Protein chains: 2
Amino acid sequence: MDQRTRTRRRNRAAIQEAALRLFQRQGYEATTVAQIAREAGVSHMTFFRCFPTKEDVVLQDEYDPMLEELVREQPATLPAVERIHRATLVGLGRVYEHNREALLDRSRLLLSIPALRSRVGENLASASTAFERGLTPPETTHPTLEVRAVAAACSAALSAAVIAWVDTDGEGELPELVDRAFLALRASSPGHHRS
Amino acid sequence: MDQRTRTRRRNRAAIQEAALRLFQRQGYEATTVAQIAREAGVSHMTFFRCFPTKEDVVLQDEYDPMLEELVREQPATLPAVERIHRATLVGLGRVYEHNREALLDRSRLLLSIPALRSRVGENLASASTAFERGLTPPETTHPTLEVRAVAAACSAALSAAVIAWVDTDGEGELPELVDRAFLALRASSPGHHRS
DNA sequence: GGCCTCGTGTTAGTGAGTAACATTTCTGCT
DNA sequence: AGCAGAAATGTTACTCACTAACACGAGGCC
């Protein structure tokens with residue numbers, strides 16, 4: 001690997017860790033980008049070369065390629081919602097056991113800070129396109145509206161599960177909530193509670 | 001009505017019109033808040049008292065109460081997705097005929113400017129809570145996860161329809177696309193096209 | 001008409017994000 | 001190894017969204 005990309009990644013990681021440390025210690029809005037950069041030992045320009053905005057330090061993740069691949073691995077005979085449901089459970093299982101608390105902390109942060117919450121829709125959108133790509137054969141250029149609608153609906157349901165998880169302060173278990181959210185998509189009647 | 005609130009609304013409208021005019025003439029990012037305020041004949045502080053951010057001039061709408069009411073009017077025996085589907089069609093029909101071009105212009109703007117697109121998720125979220133309120137009886141305090149998931153999925157599907165509409169530059173008809181998106185939610189299989 | 005509240009304008013400030021240029025650091029080639 | 005070119009980083013200065021504080025003026029209330 002290149003030396004340049006190595007130091008670049010080290011910078012990226014140092015910035016992200018410094019940022020999260022400062023956010024937890026003194027709050028998101030009370031922390032300035034210059035402060036993060038100083039803590040990470042770089043200039044504030046390097047910060048913006050690694051993360052386009054201050055919010056992206058928290059927002060960016062790299063789950064999308066995994067989700068796409070997991071959806072593609074599910075049997076194509078299943079309905080699309082079911083494929084995405086299973087893929088989500090598998091992917092979640094991979095990070096949930098060892099990173100449950102980190103995932104909860106990050107989700108809490110994303111949902112509690114207005115500047116971050118106003119942008120979680122972007123993460124939903126990128127998860128949605130990952131689902132679309134997983135549903136459509138690789139050579140397809142543009143997914144159909146039907147595929148896009150289902151993918152968007154599934155990521156929205158997933159997001160509802162995460163929000164419910166954070167609402168209960170992480171007392172429930174996220175995979176169960178995800179199950180309930182996806183099941184509600186298939187058989188939904190108003191006022192229907194699980195027994 | 002109060003004289004004060006009257007001038008306040010006049011200010012609001014003047015700012016919004018001036019802003020949209022300037023955005024169309026010279027682009028969103030090339031237009032500064034001070035410029036909008038000057039064009040509307042107010043100070044830039046008045047701007048921020050009417051709209052919390054520059055983006056909100058384009059983002060804010062008042063469809064949510066109507067959507068909530070329309071969902072509540074649909075027969076409660078129908079599945080939740082169907083109630084929201086019908087409510088959306090009715091509400092859309094009300095504004096679509098006379099404001100089709102304005103709706104298209106606004107949607108184009110929202111989806112083409114990065115600063116705006118990154119925040120459309122907020123509109124989806126508020127539409128989602130409107131759906132939730134329409135689905136749950138008025139005395140209910142917190143909607144169930146199932147209701148939240150369905151509401152979020154429906155607003156996501158609606159958004160997919162709007163995106164597809166804008167993608168074709170408004171050549172299709174939005175209500176048809178909304179139909180396709182909602183139908184895809186119920187019977188979905190990958191690669192399935194409507195016949 | 002006089003108090004009094006509330007919206008507005010003015011000013012000055014913070015902080016995110018960008019542009020331009022100097023400087024350092026790595027890479028490729030001989 | 002050493003040098004030329006390229007690319008990342010730092011420095012400086014700037015724009016602009018947004019806020020805090022206070023002064024002012026226009027309604028509302030008696």
Side-chain angles (χ1 to χ4, degrees), chain A residues 1-23 25-60 109-110 113-120 122, chain B residues 1-23 25-60 109-110 113-120 122:
Chain A
M1 167 163 310
D2 217 339
Q3 175 85 7
R4 275 181 165 141
T5 54
R6 209 179 313 153
T7 63
R8 179 172 182 80
R9 298 210 181 156
R10 194 151 28 94
N11 272 348
R12 241 189 90 92
I15 290 171
Q16 202 154 25
E17 287 163 22
L20 293 179
R21 196 163 47 234
L22 288 172
F23 291 163
R25 190 190 310 160
Q26 61 190 11
Y28 177 84
E29 8 237 2
T31 305
T32 153
V33 169
Q35 209 176 345
I36 300 172
R38 187 157 16 92
E39 182 94 358
V42 296
S43 81
H44 84 280
M45 279 305 297
T46 307
F47 177 97
F48 284 115
R49 281 191 260 259
C50 291
F51 300 95
T53 76
K54 177 184 170 186
E55 291 123 34
D56 284 288
V57 180
V58 189
L59 282 166
Q60 286 189 9
L109 192 62
L110 284 178
I113 306 305
L116 298 175
R117 187 175 47 219
S118 74
R119 286 190 57 193
V120 292
E122 285 176 272
Chain B
M1 166 164 310
D2 216 342
Q3 174 87 9
R4 279 180 163 140
T5 54
R6 209 179 313 155
T7 62
R8 177 171 183 82
R9 297 208 181 158
R10 194 151 28 93
N11 273 348
R12 239 190 92 94
I15 289 171
Q16 202 154 26
E17 285 163 23
L20 293 179
R21 196 163 47 233
L22 289 172
F23 292 164
R25 190 190 310 159
Q26 61 191 11
Y28 177 83
E29 10 236 1
T31 305
T32 153
V33 169
Q35 209 176 346
I36 300 172
R38 187 157 14 95
E39 181 92 0
V42 296
S43 82
H44 84 280
M45 279 305 297
T46 307
F47 178 97
F48 285 114
R49 281 190 261 259
C50 291
F51 300 95
T53 76
K54 178 184 172 188
E55 290 127 28
D56 285 288
V57 180
V58 189
L59 282 166
Q60 287 189 8
L109 193 61
L110 284 178
I113 306 306
L116 298 175
R117 186 175 47 220
S118 74
R119 287 191 56 194
V120 292
E122 286 177 272

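Letters A, B, ... mirror the listed sequences (proteins, then strands); counts begin at 1. Here the structure is a predicted model, which means the values were calculated and not measured. Any value given below was found using the heavy atoms of this structure, including those in side chains, with hydrogens, waters and symmetry copies removed.
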For A:T31 and A:Q35, the nearest pair of non-hydrogen atoms, with its separation, is CA-OE1, 3.8 Å

Of the listed nucleotides C:dC6, C:dA20, C:dT27, the one nearest the side chain of B:R4:
C:dC6

Could you measure the distance from the CG atom of B:L109 to the CZ atom of B:F23? Nearest 0.5 Å is fine.
7.5 Å

Tell me which one of A:L116, A:V57, A:L20 satisfies side chain to side chain contact (heavy atoms under 4.5 Å, CB included) with A:Y28.
A:L116

Restricting to salt bridge (Lys or Arg N to Asp or Glu O under 4.0 Å), what partner residues turn up for A:R21, sequence neighbours left out?
A:E39

dist A:L22:CG -> A:R38:CZ (nearest 0.5 Å) comes out at 9.0 Å

On DNA chain D, more 5' by nearest nucleotide between B:R49 and B:D2 is B:R49

In dot-bracket notation, what is the pairing pattern of DNA chain D, taking Watson-Crick (N1-N3 plus N6-O4 or O6-N4) and G-U wobble (N1-O2 and O6-N3) contacts under 3.5 Å, with [ ] crossing and | for other strands?
||||.|||||||||||||||||||||.|||

First contact, last contact: which nucleotides of DNA chain D are these for chain B, 5' to 3', heavy-atom distance under 4.0 Å?
D:dA17 to D:dG28

Which heavy atom of A:T53 sits nearest a heavy atom of A:F47, and at what distance?
O-CE2, 4.1 Å

Decide yes or no for A:R8 and A:N11: does some side-chain heavy atom of the first lie under 4.5 Å from some side-chain heavy atom of the second?
no

Taking only heavy atoms on the protein side, list every residue of residues 7-21 of chain A lying under 4.0 Å from any atom of DNA chain C, sorted numerically.
none

A:T46 versus A:I15, closest heavy-atom pair with distance:
O-CD1, 4.2 Å

Non-neighbouring partners of A:R119 that pass salt bridge (Lys or Arg N to Asp or Glu O under 4.0 Å), sequence neighbours left out
A:E55, A:D56, A:E122

Identify all pairs in which a protein N or O lies below 3.5 Å from an N or O of nucleotides 14-17 of chain C, and state each distance.
residue	atom	partner	partner atom	Å
C:dA16	OP1	A:V33	N	3.4
C:dA16	OP2	A:T32	OG1	3.2
C:dA16	OP2	A:V33	N	3.3
C:dG17	OP2	A:K54	N	2.7

Any non-hydrogen side-chain atom of A:F51 less than 4.5 Å from a side-chain atom of A:L59?
no

Among A:R10, A:R4, A:Q3, A:R9, find the residue that satisfies the side chain to side chain contact (heavy atoms under 4.5 Å, CB included) test when tested with A:R6.
A:Q3

To the nearest angstrom, how far is B:R6 atom CZ from C:dG7 atom P?
15 Å

Report yes if some heavy atom in the side chain of B:Q16 is under 4.5 Å from a heavy atom in the side chain of B:C50; otherwise report no.
no

CG (A:D2) and OG1 (A:T5) are apart, to the nearest 0.5 Å, by 4.5 Å

